[in-house]
Student: 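Please find one structure pasted underneath; my questions will follow.
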Amino acid sequence: MEDDQTVGGSGPCGRHAFPPDNAAGRIARPMLPSKDACPLCHCSLELPLPYQVTVFENRAPAMAHIPGDAAVPPTQNVFELTAPARGRCDLVVYSQQHDTKLFMMPPHEILCLVEAWRDRYRELTELPEVRFVSIFENKGREAGMTLDHPHGQIYSFPFLPPQVQAKWQQTQAFGPGPNGLWDRIIAKEARDGVRVIAQTDGFLAAQPFYARYPYEVHVWARRDGVCSLLEMTPQERRELAALLKNIASRYENLWPDAKYGFPTLMLMHQLSKGSGVENYRFHIEFLPLQRSPDKLKYRASIESGTGTFLNDALPENQAAELRAAAPQNLAMPNVIFS
Ligand SMILES: [Zn+2]
């Protein structure tokens, strides 16, 4: 999935209109404008006032609010299936500092970002047409980022996307309690230990035994019932902010002089609707697209065409590298890493 943008044109006053109800018009959106023309800096037409974190609907949405019934004749013919692209696409600007990155932001600013994600997630999940809300970031131009200004996105789907559907079905198949899917994954990683990267009272970060990408890291909420940001306590949200900085900093520390800047996909997985949703577990996936200082990891034919991933190294070995790339001076009040 490629990155999104809000406004474009030749400068802060430039503005393009995009079709609001499908993704096809996104082909016209601008690409990597210069810093002077950045639409996310606070002097732009889009964001004229100073801000710390801001969220607004994307002007080049793949999905959008469609008023009324927008009736589409029902059909059983799969070659004629069509439906309006209902949903929402938001853009989240992390900071008004154009040249910063998540790993560079002070923990208290990342906590503000976590609170903004949580507030918007609540609003979006309350919409009747929304089934699943995905908070994500494409970091780095090789990851599809088309604006250098630090930002992420939120896609609100009217259905469960295929991979989420598979996770949901597995969650239901394992059932509740300590034998549930997520408690068993967390227990295995904690017991094995060799793939653990960092942990707090509320979260465990590890390169999972089922990693698909080199240096892939998942962050799981430990507590039963935390199926989204909404169930987290203030302390857990502080820990999450600190862990985000922790993991992002390790990637930056790994190869500081590398050809690429560790392009990485980051996705938040959470559910808030459906019977038994309390058995789901909030987790974040970091999916790096770099496998060595000068080589990228491509999702090539086999991965794209069959869904079968070929990992180029053992997660245990790469986890050791990430543990050794620990950040310094990561201070967050009341957050203790172990
Ligand atoms: Zn900017």
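One-based numbering, in listed order, for ligands and for the atoms of each.
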Student: Listing by chain and number, what protein N/O/S atoms are under 2.8 Å from the Zn ion (ligand 1)?
Tutor: C38 SG, C41 SG, H98 ND1, H149 ND1
Student: I'd like to know if the side chain of E216 pairs up with that of H218 as donor and acceptor (distance under 3.5 Å, no hydrogens or angles considered).
Tutor: yes
Student: Please check: side-chain N/O of T125 versus main-chain N/O of R122, any donor-acceptor pairing under 3.5 Å?
Tutor: yes
Student: Output the distance between atom OG (S156) and atom CG (L127), rounded to the nearest 0.5 Å.
Tutor: 7.0 Å
Student: Examine Y251 together with Y215 and report whether their ring centres are nearer than 6.0 Å.
Tutor: no
Student: Counting distance only, does the side-chain N/O of R195 pair as donor-acceptor with the main-chain N or O of E189 below 3.5 Å?
Tutor: no
Student: Less than 4.5 Å apart, any side-chain heavy atom of F203 and any of M232?
Tutor: yes
